[in-house]
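These notes concern the structure reproduced below.
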Protein chains: 2
Amino acid sequence: MTSTTARASERALADLRAAILDGDLAAGAHVGEVETAERLGLSRTPVREALTRLAAEGLVELEAHRGARVTRFSRDDLDGIFDVRLALEPRATARAATHATPADLDALEALARRMQELGAPGPDQDLDALVDLNRDFHARLLELAHAPALAAALANVVHTPVVTRTFRAYDPASLARSLAHHVEIVAALRAGDGDWAGAVMRCHLGNARAVMVGPR
Amino acid sequence: MTSTTARASERALADLRAAILDGDLAAGAHVGEVETAERLGLSRTPVREALTRLAAEGLVELEAHRGARVTRFSRDDLDGIFDVRLALEPRATARAATHATPADLDALEALARRMQELGAPGPDQDLDALVDLNRDFHARLLELAHAPALAAALANVVHTPVVTRTFRAYDPASLARSLAHHVEIVAALRAGDGDWAGAVMRCHLGNARAVMVGPR
DNA sequence: GCACCCTAGGTTGCACACAACATCGGGACG
DNA sequence: CGTCCCGATGTTGTGTGCAACCTAGGGTGC
């Protein structure tokens with residue numbers, strides 16, 4: 001009993017999403033239904049359903065009778081995504097100050113500190129591991145905001161791992177700043193200061209935008 | 001040739017969305033696949049696809065083996081939705097100031113004035129007609145922002161007609177304010193003043209929130 | 001009288017088959 | 001030599017059948 005979710009469409013969805021987010025499916029790549037179905041040992045039906053949902057998320061684009069392609073993000077798209085993040089994530093972060101329990105904060109701090117370790121220059125540096133931890137950090141923060149509509153708005157636009165697919169683009173100074181921001185956010189939350197926490201998040205995103213999309 | 005989109009799933013999607021938004025399908029109502037398929041003269045397959053997409057939009061909720069239900073919005077949900085709108089729509093409105101052409105503004109102004117006519121107390125008052133016009137006004141404004149990511153974030157959360165399903169909830173003073181806001185937004189855009197336009201949008205949403213969800 | 005089980009009905013989930021459409025190649029014509 | 005037409009091929013779109021699952025109702029044992 002390998003606790004399979006049993007639902008075939010869920011598996012197809014998870015698999016395709018992971019493949020896109022991990023970069024196994026390059027941007028612009030064609031995603032065939034039969035090909036995917038055979039790879040997963042399913043029929044086309046659940047694969048179709050998964051593709052439909054991914055299209056709604058914006059990860060793939062569907063063209064009639066021409067199939068699905070992994071969405072290609074232009075520089076302007078990235079910039080627009082950061083606009084949305086800047087409008088919503090600081091607000092969510094501020095709200096988290098009201099709802100986070102000490103246990104939540106401990107978990108966040110553990111994540112933030114672990115990321116600092118992994119990001120520190122040296123033999124133990126592991127920039128690839130940062131991607132998942134970063135995703136986790138932001139996801140937890142968003143959850144702590146207790147604002148489902150806000151989370152939904154973000155989720156459907158900002159596919160963090162597509163945006164932050166790698167930390168290799170960061171120069172050492174920017175990377176250090178970014179990881180320090182995480183720690184500072186936790187500190188602000190511990191102080192119960194939503195404004196502070198939100199401000200740090202704005203810095204965090206500004207820093208990231210500069211790295212990812214370049215000067216404005 | 002009645003320019004039917006030919007695509008069955010598109011028809012199912014459009015029909016179901018309209019049914020939900022117009023209130024023909026009440027919140028919480030069960031949407032059966034066979035029932036819908038028979039009503040539209042289609043098979044279950046395109047209906048399934050339509051339901052999947054509606055679920056991604058948040059208009060219906062899918063439970064495994066239990067089918068689809070029209071999403072029910074709680075007071076807190078509504079409040080959260082207004083939070084998102086307040087974070088994004090003023091920004092979009094401000095951006096519209098940069099991109100709108102005189103022709104765009106003329107079209108917007110025509111809409112705004114028509115809404116004032118239809119909303120004015122008297123025998124010609126038609127509150128129901130306002131719903132579609134209002135949807136159109138906000139949609140055009142959003143389009144003028146030239147910010148696809150922002151529009152996507154909003155679209156997937158704020159189903160205007162679900163939120164603003166009716167203008168009957170407005171008291172006369174609030175209604176007059178709301179309709180005046182539309183006109184003022186156009187004026188601000190004509191002046192090329194994005195900050196002003198954004199501020200009016202904030203007022204507009206604040207007014208709407210007070211009416212729709214009550215005092216904070 | 002109450003709790004539990006078990007069967008029957010109806011719904012969704014998936015697989016498969018066929019039809020419609022888009023693309024790409026060769027061949028004929030100008 | 002270039003252009004247009006047309007068929008071959010592979011893809012997606014839709015219809016249908018069956019299996020899995022959830023839910024409700026009656027019956028049985030306590």
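Letters A, B, ... mirror the listed sequences (proteins, then strands); counts begin at 1. This is a predicted model, so every value here is computed, not measured.
- Spacing between atom NE2 of B:His30 and atom P of C:dG10 amounts to 13 Å, rounded to whole angstrom units.
- The distance between atom CG of A:Leu42 and atom C1' of C:dA15, rounded to the nearest whole Å, is 10 Å.
- Of the candidates C:dG13, C:dA15, C:dT11, the closest approach to any side-chain atom of A:Ser43 belongs to C:dA15.
- Between A:Leu51 atom CG and D:dT11 atom C1' there is a gap of 13 Å when expressed in whole angstrom units.
- Close to D:dT23, at under 4.0 Å from its OP1 or OP2, lies a side-chain N or O of B:Arg66.
- Residues B:Leu88 and A:Ala87 share a closest heavy-atom pair of CD2-CB, 3.6 Å.
- Computed from coordinates, the A:Glu63 CD to C:dT23 C1' distance equals 13 Å when rounded to whole Å.
- Relative to the side chain of A:Thr45, the nucleotides D:dT16, D:dC22, C:dC16 differ in distance, and C:dC16 lies closest.
- Checking the phosphate oxygens (OP1, OP2) of C:dC14, a side-chain nitrogen or oxygen of A:Ser9 falls inside 4.0 Å.
- Note on B:Arg48: every side-chain N or O is 4.0 Å or more away from OP1 and OP2 of C:dT12.
- In terms of position along DNA chain C, the nucleotide closest to A:Gly41 lies nearer the 5' end than the nucleotide closest to the other residue of the pair A:Gly41 and A:His65.
- A:Glu49 places its CD atom 17 Å from the P atom of D:dT12, with the value rounded to the nearest Å.
- With rounding to whole Å, A:Arg69 atom CZ is found 10 Å from C:dT23 atom P.
- In this structure, CD of A:Glu33 is placed 14 Å from C1' of C:dC21, rounded to the nearest angstrom.
- One atom, CZ of A:Arg44, and another, P of D:dG13, lie 8 Å apart when rounded to the nearest Å.
- Among the atoms of the strands shown, only primed sugar atoms or phosphate atoms (P, OP1, OP2) are found under 4.0 Å from some heavy atom of A:Val31.
- Here the side chain of A:Asp126 pairs a donor or acceptor atom with the backbone of A:Asp128 at under 3.5 angstrom.
- Not a single donor-acceptor pair under 3.5 Å links the side chain of B:Asp83 to the backbone N or O of B:Gly80.
- No donor-acceptor pair closer than 3.5 Å links the side chain of B:Ser9 to the backbone N or O of B:Ala50.
- Of the candidates A:Leu111, A:Leu108, A:Asp104, A:Leu108 is the only one forming a side chain to side chain contact (heavy atoms under 4.5 Å, CB included) with A:Leu141.
- With C:dT23, C:dC14, D:dT14 as the choices, the nucleotide that has an atom nearest any side-chain atom of A:Pro46 turns out to be C:dC14.
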